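I'd like to ask you about the structure that follows.
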There are 2 protein chains.
Amino acid sequence: MPDLHDVLFRALADPTRRALFEGLCRKGEQTVGALTARAGVSQPAVSKHLGVLKQAGLVRDRHEGRQTHYSAQLGALAPLIDWTSQMAGFWQSRFDQLENLLKRMDQ
Amino acid sequence: MPDLHDVLFRALADPTRRALFEGLCRKGEQTVGALTARAGVSQPAVSKHLGVLKQAGLVRDRHEGRQTHYSAQLGALAPLIDWTSQMAGFWQSRFDQLENLLKRMDQ
DNA sequence: CTAACTGATAACCGATTGGCTATTTATTCG
DNA sequence: CGAATAAATAGCCAATCGGTTATCAGTTAG
């Protein structure tokens, strides 16, 4: 069972998918047609990628007539930021321990 | 040709690989044997994963006798942080434009 | 109502992935 | 030296992935 971080990292690991997400961040809400025009792959491929991004919570879709508008959900990046700072925290913590040890040895 | 972000995201997209990296961040430098003991997969699998992490710049290896010690390279996460804040920047920028538009309309 | 259009789904295909076992290479110990 | 140990590499396999074309479903326009 894939956890939250898995789904996020996997979704962003593909360049086409990341480009779609970047496009939505840059220009805001866009239709599947507009996204397909710049994606360099077929419309079904784009739809599938958007499905993966949606599953990861990275995009939202809004139906309007026969068009579907997608928009980026920036909040979905939070776990990624959290994970990163957690890694940095571990590192810092080990650094602190070392610093402490050196300080004690110095006495 | 896979770019920098690709290699990074792909490397971190696998749970086993991410767990290895987390272990190295938490506890610092460790041998392949120690990492294998907790990885839940075979030693060759661990070696292959470490190879991928190394390729992404996320770990460094140091040979000492017949053992290989691996350690996390926290700096390799920088492009990930940059990318995230760039996405946030795009979003903020669009928000600012909207804010500006509303301000002008208000006059 | 029919035709055209937009996007999603289905079915398929080749490449890549992540795992395994077996083997190789390098180092240490007796 | 030869045996044992640590890690890397080779070769294999099933599953997943990203792409395609063909088709379907829903919506709008004539």
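Every heavy atom of this structure was used, including side-chain atoms; hydrogens, water molecules and symmetry mates were not. A quick note: this is a predicted structure, and the numbers were derived from the prediction, not measured. Proteins come first, then strands; the chains are lettered A, B, ... in the order of their sequence lines, and each starts at number 1.
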Sugar-phosphate, base or nothing in reach of A/Thr68, heavy atoms under 4.0 Å: sugar-phosphate
Atom-pair distance (NE2 on B/His63; P on C/dT25), nearest Å: 16 Å
All side chain to side chain donor-acceptor pair (under 3.5 Å) counterparts of A/Thr68, not counting sequence neighbours: A/His63
Nucleotide C/dT27, atom C1' - distance to NE2 of B/His69 in whole Å: 13 Å
Electrostatic pair A/Arg10:B/Asp14 at N-O distance under 4.0 angstrom: no
Sugar-phosphate, base or nothing in reach of B/Thr31, heavy atoms under 4.0 Å: sugar-phosphate
Rounded interatomic separation in angstrom, taking CZ from A/Phe9 and P from D/dT16: 22 Å
d(CG, A/Asp61; P, C/dG7) in whole Å: 12 Å
Pairwise side-chain contact, A/Leu35 with A/Thr31, heavy-atom cut-off 4.5 Å (strictly under): no
Distance, rounded to the nearest Å, where B/Leu12 contributes CG and C/dT17 contributes C1': 16 Å
Please table the atom pairs, donor to acceptor, closer than 3.5 Å between any side-chain atom in residues 46-53 of chain B and protein atoms at least two apart or in another chain.
from	atom 1	to	atom 2	distance (Å)
B/Ser47	OG	B/Gln43	NE2	3.3
B/His49	ND1	B/Arg17	NH1	3.3

Same apolar cluster: B/Val7 and A/Phe21, side chain cutoff 4.5 Å: no
Mutual orientation of the aromatic rings belonging to A/Phe9 and B/Phe9 [parallel < 30°, tilted 30-60°, perpendicular > 60°]: tilted
Between C1' of C/dT6 and OH of A/Tyr70, the distance in whole Å: 12 Å
Nearest-angstrom distance from the residue atom CZ of A/Arg18 to C1' of D/dC17: 16 Å
Sugar-phosphate or base contact per nucleotide [nucleotides 18-29 of chain D; S, B, -; heavy atom under 4.0 Å]: SBBBB---BBS-
